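Everything below concerns the one structure shown next.
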Amino acid sequence: MDRGGDTGGADLVGAARHYDLVLKMDAAERRRRLGPRHALSTAVDDPVEVARRVVALHGTDPASVFLAVAARTAGVGPSAIEGALYERRELVRMLGMRRTMFVVPAEVVPVIEKSTMERIAATQRKLLLKQLRENADDGPADPGPWLQDVERSVLRALAARGGSATAAQLSGDEPRLRATLHMSPGKAYEAHAAITSRVLLLLGAEGHIVRGRPSGSWLSQRYEWALASSWVPAAAPPATAEEARAELARRWLTAFGPAPVTDLQWWTGWTGAQAKRAVADLGVVEVDLGSGEIGVVLRGDTDPTAEPEPWAALLPALDPTVMGWSRRDWFLGEHGPALFDRAGNAGPTVWLDGRIVGGWAQRPDGEIVLRRFQDVGRDGAALIEAEVARLTGWLGDVRFIPRFRTPTERELVT
């Protein structure tokens, strides 16, 4: 699940005046950038290049990763995507920004770890230690050393199994992973839950392990865990967290700029101070986005974008283009309640020339069905129907349901 949300808060730009005079880059310019920059108007031929174009693919729902690549490539099927993920390991599934699962190019892993994960890991460790003290069934007297010993044992078990194993195998090798927490006592949703997933999440947040192969098809949500040292190609991390944040901000602005700094703060999960420092270190240009909103863009990236050829796309739930900003009115309009669930997770969307114009779903018989929210004209309808035909052929006999259901998607399959 995506744990983002509107940050609210004050404008972050004013606190660091390292910017040039204000330029105007309106919603039309931002929409023109989407097609070529996100590989939506012109397809690429490599799933790794797709991930680079959007910095990271949302990985919470495994179908979304594959469908996001399918929407941006020609002739790239599931087996090629699996090859990049599990054979060449050019793409890595990892816990990242906002404690959300992402699939990222291998070279970005150390950037995310250095820029983002230290704070998340510290929060998760503090939470688990609190739960072990207050909620454990027959818990340890001193949770700190106990948890560290369990973690070392899990990593030894992974190494003994050749570097990868399922959660069930690891809890068999290290029985303390089956220790339980008594959660929400006295509530209707009271439960006794094993700490297995919490410990593995913490080890992932600290960069010791990553998600490996799934058991079953590419739609499976059950993964092996792998030692990061044997799974991820070695890459030198940035020297400091500040350098790493500047690099991640540069990649994000290349894909999603111009944008308010608060959108960068939301997307990364950084503090306001960290986001401000990252863009100040880059030396960005301040721009007027219209309606009184101020954003920033990379220096040297202020030229107007040529109008791309007309394009349409069927993007999956949690697609990185939809989830790239917290403020989405310039491409979403008033369609948010129909296309997002209450937790802020985006459902499948229909795009035309930089705007969301509808939603879509796959019915149990495989038919792709649409709901258009506005008149798209004959040419627009033809572009969209061509994408429907292309996606139908790409999926073949595969059937899927988004992990997080949204009103439009539910209505279309009823």
Side-chain angles (χ1 to χ4, degrees), residues 46-48 51 56-57 59-66 69 77-96 99-114 116-118 120-121 124-125 128 145-180 193-237:
D46 177 15
V48 183
L57 303 169
T60 308
D61 187 336
S64 294
V65 173
F66 285 76
V69 173
S79 62
I81 303 169
E82 289 178 311
L85 277 164
Y86 310 125
E87 295 168 15
R88 298 184 303 279
R89 300 174 187 175
E90 300 163 319
L91 293 174
V92 178
R93 192 181 303 271
M94 67 175 295
L95 195 69
R99 199 166 67 83
T100 296
M101 193 62 61
F102 285 93
V103 168
V104 305
E107 71 269 16
V108 182
V109 171
V111 176
I112 294 174
E113 288 180 341
K114 192 76 171 179
T116 304
M117 297 311 297
E118 181 177 327
I120 291 174
Q124 292 305 304
R125 180 170 295 279
L128 181 52
W146 182 89
L147 178 58
Q148 290 178 342
D149 192 55
V150 171
E151 291 171 314
R152 287 191 292 267
S153 177
V154 169
L155 295 176
R156 287 195 299 269
L158 262 177
R161 287 183 173 274
S164 63
T166 65
Q169 288 171 328
L170 291 171
S171 63
D173 295 337
E174 173 44 83
R176 288 177 292 181
L177 282 178
R178 297 197 295 268
T180 57
I195 65 169
T196 308
S197 62
R198 290 170 170 82
V199 174
L200 296 178
L201 182 144
L202 179 56
L203 287 170
E206 293 181 341
H208 299 298
I209 61 176
V210 295
R211 298 285 179 97
R213 285 184 177 273
S215 57
S217 77
W218 54 268
L219 294 174
S220 173
Q221 298 184 35
R222 294 181 176 274
Y223 297 92
E224 292 185 341
W225 289 92
L227 286 172
S229 58
S230 62
W231 187 270
V232 184

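Keep in mind that what you see is a predicted model, and the values were worked out from it rather than measured.
Residue L91 comes nearest to A51 through the heavy atom pair CD2-CB, 3.7 Å, listed as atom of the first residue, atom of the second, then distance. Nearest approach of P62 to S220, heavy atoms of both residues: CG-O, 3.4 Å. Nearest heavy atom pair, residue F102 against residue A56, reads CD2-CB, 3.7 Å. Between L202 and A121, the shortest heavy-atom contact is CD1-O, 3.6 Å. The minimum heavy-atom distance between R161 and A165, with the atom names listed, is CD-CB, 3.5 Å. In terms of heavy atoms, A80 sits closest to P47 at O-CG, 4.2 Å.
Between Y86 and R93 there is a side-chain heavy-atom pair separated by less than 4.5 Å. Residues R211 and M94 fail the side-chain proximity criterion, which asks for heavy atoms closer than 4.5 Å. Annotation: side chain of V154 is in contact with side chain of L200 (closest heavy-atom distance under 4.5 Å). For the pair L158/I209, a side-chain contact is recorded, criterion being any heavy-atom separation below 4.5 Å from C-beta on. Two residues are said to be in side-chain contact when any heavy atoms from C-beta on lie closer than 4.5 Å; S153 and R176 meet this criterion. Q124 places none of its side-chain heavy atoms less than 4.5 Å from the side chain of E206. Residues S79 and W218 are not in side-chain contact: their nearest non-hydrogen atoms beyond the backbone lie 4.5 Å or more apart. The shortest side-chain heavy-atom distance between L95 and M117 falls under the 4.5 Å cut-off.
Rounded to the nearest 0.5 angstrom, R125 CZ and R198 CZ are separated by 15.0 Å. Expressed to the nearest 0.5 Å, how far CZ of R178 lies from CG of L170 amounts to 11.5 Å. Separation of atoms CE (M101) and CG (L57) is listed at 13.5 Å; rounding is to 0.5 Å. Distance CG/L147 to CZ/R152: 9.5 Å, rounded to 0.5 Å. Atoms OG1 and CD, from T166 and Q169 in turn, are 3.5 Å apart once rounded to the nearest 0.5 Å.
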Verdict with reasoning, H208 to L227, per side-chain contact (heavy atoms from CB on, under 4.5 Å):
CA-CA 6 Å; H208 299 298; L227 286 172; over 6 Å; no
Go through the steps for E224 and S215 under the test side-chain contact (heavy atoms from CB on, under 4.5 Å), then give the verdict.
CA-CA 7 Å; E224 292 185 341; S215 57; over 6 Å; no
Are V111 and V104 close enough, and set up right, to give a side-chain contact (heavy atoms from CB on, under 4.5 Å), and what steps lead you there?
CA-CA 11 Å; V111 176; V104 305; over 6 Å; no
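A donor-acceptor contact shorter than 3.5 Å is absent between the side chain of S164 and the backbone of W225. Proximity of a side-chain donor or acceptor of S171 to a complementary backbone N or O of A168 within less than 3.5 Å is detected.
Classification of R213 and E82 as a salt-bridged pair fails, no side-chain N sitting under 4.0 Å from a carboxylate O. Under a 4.0 Å N-O distance rule, the pair E151/R156 does not qualify as a salt bridge.
Qualifying salt bridge (Lys or Arg N to Asp or Glu O under 4.0 Å) partners for E107, counting only residues two or more places apart in sequence or in other chains: R52.
In this structure, R222 places its CZ atom where only 12 or fewer heavy-atom neighbours from other residues, nucleotides or ligands lie under 6.0 Å away. For E118, the CD atom counts as loosely surrounded, since its 6.0 Å shell holds 12 or fewer non-hydrogen atoms of other residues, nucleotides or ligands.
Tested against F66 for a side-chain contact (heavy atoms from CB on, under 4.5 Å), the candidates I81, L219, V103, D61 yield a single pass: I81.
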